[in-house]
Amino acid sequence: MPNNTRVRFAPSPTGSLHIGGAHTALFNWLYARHTGGTFVLRIEDTDKERSTPEYEQSIMDGMRWMGLDWDEGPDKPAGYGPYRQSERMESYTKYAEQLLDAGLAYKDDGAVLFKVPSGETITFDDEVYGQISVKSENASVNQDGTIKDIVILKRDGMPTYNYAVVIDDYTMNINMVIRGEDHIINTPKQLLIYHALGFEIPKFAHLPMILGKDKKKLSKRQGATSVFEYNDLGYLPDGVFNFLALLGWSPKDGQEVFTRSEAIKLFDLGSVTKKPAVLDIDKLNHINQEQMKIMDPQELLKIIKPFWKNLGLDINSYSDDYLASSLQAMGGRGQTTLQLAEYSDYFISFDTVKERYKADDIKEEIRPLLKKFYGELLEVADFTPQTMEAFTRTWVESNESSMKEVALPLRWALTGRKVSPGVFEVAAQLGREECRKRLAYYNLI
RNA sequence: GGUCCCAUCGUCCAGAGGCCUAGGACACAGCCCUUUCAAGGCUGCGACACGAGUUCGAAUCUCGUUGGGACCGCCA
């Protein structure tokens with residue numbers, strides 16, 4: 001069954017993909033994937049001054065990072081191209097002339113302006129906000145409140161935003177326009193042009209804004225600018241994806257942690273909220289942690305590797321299986337990839353342990369006991385957490401010691417940290433010989 | 001200032017007239033488990049902005065007030 005739902009994400013390449021743009025792109029993608037429709041990427045590069053190919057590239061990379069693939073775009077031409085506005089001049093000129101001929105537009109100083117009528121009421125049904133109506137004389141105004149005709153072609157010949165979107169959405173057959181709420185106020189202006197040209201009107205769905213802690217629209221100054229910074233900060237694409245999906249929307253059953261395919265299945269424009277949402281890093285951290293827990297170990301490993309490298313750890317001398325199981329051994333600890341990498345460093349390097357722990361807390365009186373115990377522990381037939389723990393429990397009992405007394409120093413010697421997964425889990429992961437080496441270094445066997 | 005939009009715990013969401021002495025999640029506090037917590041379990045704290053209506057009954061509908069946001073570029 002062919003599906004003709006067509007949505008688009010239309011960023012302007014004047015900056016990287018920021019969190020607000022990512023949110024809009026995500027919801028478009030979710031809608032397209034849920035309905036089986038087509039997701040179009042259109043580059044709105046009509047600002048000659050600020051648009052750059054580098055930003056265009058960066059936006060696409062950001063989308064790829066988030067796993068938001070598009071079906072049509074500058075790099076994926078289909079029947080509705082080109083996909084950059086700067087390459088679609090022909091249609092802007094054509095329809096401008098049509099408007100000029102019909103007397104609905106006029107030229108002034110080399111620019112073409114659309115004549116805004118008065119006395120009309122422009123109404124549209126937003127899929128999220130419901131019915132919105134504005135009087136045409138209020139649709140486009142000067143600072144003093146007088147009607148302001150809409151510039152459609154600038155003096156440099158390029159189309160303006162409000163005009164180009166209409167022409168492109170129409171000619172690209174977009175039938176559902178999903179964009180930020182900041183565009184709700186632009187919609188009446190665009191509707192005027194739709195009417196003047198006799199174009200069929202698409203459905204509109206505006207999304208609540210994402211606000212910063214100060215409740216102001218996210219600007220480049222606050223928080224991370226591009227989605228890549230979230231990567232560097234330790235967030236998973238799936239974490240950002242999941243977290244962003246929860247801003248302004250939630251599945252009917254209240255599930256908060258979900259995979260991409262679950263999100264696609266569950267997504268519903270009808271349950272998008274209207275209230276602007278404040279971005280809460282604590283929640284992102286939590287969602288990110290949950291995503292790390294359910295992620296495929298080998299996939300997670302690919303992401304953690306660069307973080308380990310940044311910590312100066314030599315991961316090349318270990319197999320992927322060892323590294324992946326080290327990550328698994330962390331048992332869900334750490335909220336970000338950055339933390340996970342840092343917390344697990346002792347699986348890769350004993351040097352980091354030596355730097356952190358000098359063993360000067362060990363009282364000489366108990367060293368003999370520890371030596372005796374660790375020596376025997378290293379000889380258990382089966383170097384698994386279960387066996388080691390069982391062995392230890394009986395040992396401390398018959399030697400009038402305690403779990404605390406022997407396990408805590410062991411943790412320090414093995415990890416150089418106060419906190420870690422179960423110490424026998426750590427020991428098993430490190431392996432008998434590595435444990436022997438570390439204990440020997442601290443003169444504990 | 002004008003136009004448009006919004007209004008439930010600190011934050012993100014449930015709630016579409018009785019199921020609400022308002023539910024979940026994050027954060028916070030406390031407790032528990034344990035060899036440690038950065039893992040896990042439990043408990044607590046905490047909100048329907050206000051005022052009028054409509055109704056037998058309102059967080060849910062209407063109006064007003066207040067508060068917040070967005071936009072007012074030949075930027076998008």
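Because the structure is predicted, anything quoted here is derived from the model rather than measured. Quick note on labels: first sequence line is chain A, next is B, and so on, each numbered from 1.
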Inset, instruction - Considering just the side-chain nitrogens and oxygens of A:K275, establish if one lies under 4.0 Å of OP1 or OP2 belonging to B:G68. - result: no

Inset, instruction - Can you tell me the pairing partner of B:G30 across any strand shown, Watson-Crick or G-U wobble, with both distances under 3.5 angstrom? - result: B:C42

Inset, instruction - Write down the atom of A:K148, the atom of A:V116, and the distance for their closest heavy-atom approach. - result: O-CG2, 3.5 Å

Legend entry - Side chains of A:E72 and A:Y83, donor plus acceptor under 3.5 Å: yes

Legend entry - Under 3.5 Å on both distances, the Watson-Crick or G-U partner of B:C71: B:G2

Legend entry - First of A:P251 and A:H286 reached from the 5' end of RNA chain B, by closest nucleotide: A:P251

Legend entry - Phosphate contact (B:C37 OP1 or OP2) by A:R417 side-chain N/O below 4.0 Å: no

Legend entry - N or O in side chain of A:S250 less than 4.0 angstrom from B:C12 OP1/OP2: no

Legend entry - Closest listed nucleotide, where the reference is the side chain of A:V419 and the choices are B:G69, B:C37, B:A27: B:C37

Legend entry - Candidate pair A:S401 and A:N399, rule side chain to side chain donor-acceptor pair (under 3.5 Å), full reasoning: CA-CA 5 Å; A:S401 178; A:N399 288 273; over 6 Å; no

Inset, instruction - If B:G64 has a Watson-Crick or G-U wobble mate with both distances under 3.5 Å, name it; if not, just say none. - result: B:C50

Legend entry - B:G24 base / A:E256 side chain donor-acceptor hit below 3.5 Å: yes

Inset, instruction - Take A:K293 and A:Q85, find for each the nucleotide of RNA chain B with the closest heavy atom, and name the residue whose nucleotide sits nearer the 5' end. - result: A:K293

